[in-house]
Amino acid sequence: MLSGCSLLPGGDDPKSADKTAPTERKVVSLPSTAWVAAAGDRVAKGGTLRLAAAAVPRSFNPLHADAAMSDAADILAPTAGGAVRLTGGGSWKVDPDYAESVKIADTNPLTIAVKLNRRAVWQGGTSITGKDMVAFWKVQNGTDSDFDVSSTAGYEDIRDVRVGKDPFSYSVVFKKPIGDWPLFIYPHLPSNVSSSPELFNKAFRKRAIPSNGPFIVSSIDTVRGAIVEKPNPRWWGTPPKLDGITWRVAPPATQAKAYVARELDAVKLQPETYDTAKASGTVQRAAGLEWTQITLNGARGPLRSVSVRRAVAPAVNRRVVAAQSADAVGAPTETLGSFTYLPGQRGYHDSSASIAYDPAKSARLLADDGWVKGSDGVLTRKGKKLVLTMPVPDKTPTNT
């Protein structure tokens, strides 16, 4: 389940935490992953996996801004891969299907040396090379405004990408050390797409970006809301066992009913669909590796004041926010306690005491900043009311 979290001033050093603030810490009782893995030789060959998405993505390029907050990345996951694979505990390992090796070549500056699997190709048969990584980084780092990217995070921290002695090796040089560097060292688009704003921005409204995984998208019906994936005929790794994967687009309530009717093989449970679906199958719960944040705009309005920004966190009861998702599906309520790691990951410890729920602390910060509460309960300063607004994505009950 998504945990309520706040990215506000402070560090992960428990010594720097406010020892007087009340704590909300609760021991994690869920594993990071809840499924039971079976060895490949125990999995029968054939069959179609039937899954569902909430809406047709506006773009089937998960890196484009129009795909943000959509199911595009989940839908295309069987068609994509990279040099590293995340493990259940939040660590990572080299994926031999995509890379021979991934090594830290230097720590000052942080430099990652990558040797690609020479057999790896894009859907059209073109080899995946260091040239793709150079072009991909230049798109994702935000320096070219012609590309409407969904996020520059991570890539904007890269200083340079240098192709090695052969086309299948390259080094990624970071401006500063970042803990999640494994996410930013592999190209997820071929260079011809990364070199063309026209292709990047507009070409994938009704077709998917080129596959480099065991499956390809064979058809997309945006009217009926149906996506079909078939085994990639150029796949160089272990052949997939499935004959195909189908995605049907439907709201959560319809997905739950389809699951009960055995028209879907799995669904993501939502609070409003939990009771419907749980009676007809096995519910798997995990702590997960996702998080939600509140980003404060300090450039305008009351939030220009440091004191107001610092008052927001102790005014928000994050446990109540988290409970809206967790309690409804029978999971323990857990708030995020780290600015770097997630519960279950190696190195995680709670350092959130400085932003713990403490309305009295929030009131003191605001009073010291000159805000006065009127008879209507609204705070004002110099004749202006303290009013904050927060937009949320449409049709996402959890975020709302």
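Position 1 is the first residue of the sequence, and the numbers go up from there. As a basis for the values below, the full set of heavy atoms in this structure was taken, side chains included, without hydrogen atoms, waters or symmetry mates.
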Determine, stepwise, if the pair D66 / R205 fulfils side chain to side chain contact (heavy atoms under 4.5 Å, CB included).
CA-CA 9 Å; D66 284 348; R205 300 296 184 187; 2.6 Å; yes
Is there a path of hydrophobic side-chain contacts, each under 4.5 Å between heavy atoms of I/L/V/M/F/W/Y residues, joining V372 to L386?
no
Considering only heavy atoms from C-beta outward, does the side chain of V217 approach that of F60 to under 4.5 Å?
no
Pairwise distance CZ(R304) to CG(N297) - rounded to 0.5 angstrom
10.5 Å
If you group Ile, Leu, Val, Met, Phe, Trp and Tyr by side-chain heavy-atom gaps below 4.5 Å, do I216 and V193 land in one group?
no
Do side-chain atoms of R318 reach the backbone of L336 as a donor and acceptor pair under 3.5 angstrom?
yes
Shortest non-hydrogen pair, S70 vs A67, comes out as OG-O, 2.6 Å
Is there side-chain contact between S191 and T129, with at least one heavy-atom pair below 4.5 Å?
no
Any donor-acceptor pair under 3.5 Å from R309 side chain to L303 backbone
yes
If we ignore angles and hydrogens, is there a donor and acceptor under 3.5 Å between the side chains of D132 and S194?
no
With hydrophobic residues grouped by side-chain heavy-atom distances under 4.5 Å, do V321 and L388 end up in a single group?
yes
Indicate yes or no: at least one non-hydrogen side-chain atom of L116 is less than 4.5 angstrom from one of Y186.
yes
Spell out, as yes or no, whether a donor-acceptor pair under 3.5 Å connects the side chain of T111 to the backbone of P109.
yes
Hey, what do you get for OG1 (T48) to CD1 (I245), rounding to the nearest 0.5 Å?
9.0 Å
Salt bridge (charged side-chain N to carboxylate O under 4.0 Å, His left out) against D265, all qualifying residues, sequence neighbours excluded
R50
Return yes when atom CZ of R162 has more than 12 non-hydrogen atoms of other residues, nucleotides or ligands closer than 6.0 Å, and no otherwise.
no
Going by the rule side-chain contact (heavy atoms from CB on, under 4.5 Å), which residues pair with R224 if we only count those two or more places apart in sequence or in a different chain?
D221, A226, R248
For the side chain of S280 and the backbone of V260, is there at least one donor-acceptor N/O pair under 3.5 Å apart?
no
Test side chain to side chain contact (heavy atoms under 4.5 Å, CB included) on I185 and F174 and set out the steps.
CA-CA 10 Å; I185 59 168; F174 288 85; 4.3 Å; yes
Nearest 0.5 Å please: distance from the CZ atom of R310 over to the OG atom of S305.
9.5 Å
Tightest non-hydrogen contact, residues S59 and A72, listed as O-CB, 3.7 Å
Tell me every residue that passes ring-ring contact (aromatic ring centres under 6.0 Å, His included) with F184, counting only those two or more places apart in sequence or in another chain.
Y155
Measuring only between side-chain heavy atoms, which start at C-beta, is V172 closer than 4.5 Å to W181?
no
At what distance, to the nearest 0.5 angstrom, does CG of L51 lie from CH2 of W247?
4.5 Å
List in chain and number order the residues that pass side-chain contact (heavy atoms from CB on, under 4.5 Å) with T254, two or more places apart in sequence or in another chain; answer none if no residue qualifies.
A250, P251
Under the ring-ring contact (aromatic ring centres under 6.0 Å, His included) test, residues paired with W137 that sit two or more places apart
none
For V163, give me all partners under side-chain contact (heavy atoms from CB on, under 4.5 Å), at least two apart in sequence or on another chain.
V134
Have a look at I128 and tell me which of P190, P167, P187 forms a side chain to side chain contact (heavy atoms under 4.5 Å, CB included) with it.
P187
Under a 3.5 Å distance rule, please check whether D243 uses its side chain to pair with a backbone N or O of G47 as donor and acceptor.
yes
D275: salt bridge (charged side-chain N to carboxylate O under 4.0 Å, His left out) partners, not counting sequence neighbours:
K278
May I ask you to decide if E334's main-chain N or O and R319's side chain share a donor-acceptor pair within less than 3.5 Å?
no
Hydrophobic clusters here meaning ILVMFWY residues chained together by side-chain heavy-atom distances under 4.5 Å, can you tell me if Y98 and L86 are in one?
yes
Look only at the side chain of N201 and the backbone of D148, and say whether a donor-acceptor pair between them is shorter than 3.5 Å.
yes
Excluding sequence neighbours, so at least two apart, what forms side-chain contact (heavy atoms from CB on, under 4.5 Å) with T143?
N141
Give the table of side-chain donor-acceptor pairs shorter than 3.5 Å for residues 227-236, with sequence neighbours excluded, one pair per line with atom names and distance.
residue	atom	partner	partner atom	Å
N232	OD1	R234	N	2.9
N232	ND2	G213	O	3.0
R234	NH1	Q123	O	2.9
W235	NE1	T238	O	2.9
W236	NE1	D97	O	2.6

K138 with D144: basic N within carboxylate O range, under 4.0 Å:
no
Applying ring pair (Phe, Tyr, Trp, His ring centres under 6.0 Å), which residue pairs with at least one partner in residues 258-280 are found, sequence neighbours left out?
none
Measure from the side-chain N and O atoms of N212 to the backbone N and O of G81, and report whether any donor-acceptor pair falls under 3.5 Å.
yes
Hits for ring-ring contact (aromatic ring centres under 6.0 Å, His included) against F200, two or more places apart or cross-chain, chain-then-number order -> H64, F147
May I have all residue pairs that pass salt bridge (Lys or Arg N to Asp or Glu O under 4.0 Å) and include part of residues 102-120, sequence neighbours excluded?
R118-D166
Does M390 share a hydrophobic cluster with L296, counting links as ILVMFWY side-chain heavy atoms below 4.5 Å and allowing steps through other members?
yes
Do D157 and K176 have side chains that get closer than 4.5 Å, going by heavy atoms?
yes
Might you point out which heavy atoms bring P252 and Q270 nearest each other, and give the distance in Å?
CB-CG, 3.9 Å
Residue pair L366 / V308, side-chain heavy-atom distance below 4.5 Å:
yes
Derivation of the side chain to side chain contact (heavy atoms under 4.5 Å, CB included) call for V114 and M133:
CA-CA 10 Å; V114 180; M133 183 61 203; over 6 Å; no
Does K385 NZ have over 12 foreign heavy atoms under 6.0 Å away?
no
Without swapping roles, check the side chain of R381 against the backbone of P302 for a donor-acceptor pair under 3.5 Å.
no
Is the CZ atom of R285 crowded by more than 12 outside heavy atoms at less than 6.0 Å?
yes
Nearest heavy-atom pair of A208 and I220: which atoms, and what distance?
N-CD1, 3.8 Å
Under a 3.5 Å distance rule, please check whether D358 uses its side chain to pair with a backbone N or O of P314 as donor and acceptor.
no
Separation between CD (E263) and OG1 (T246), nearest 0.5 Å, reads 11.0 Å
Could you state the interatomic distance from CZ (F204) to CG (L63), rounded to the nearest 0.5 Å?
10.0 Å
Pairwise side-chain contact, S307 with D368, heavy-atom cut-off 4.5 Å (strictly under)
no
I'd like to check Q255 versus T273 (side-chain heavy atoms, cut-off strictly below 4.5 Å). Are they in contact?
no
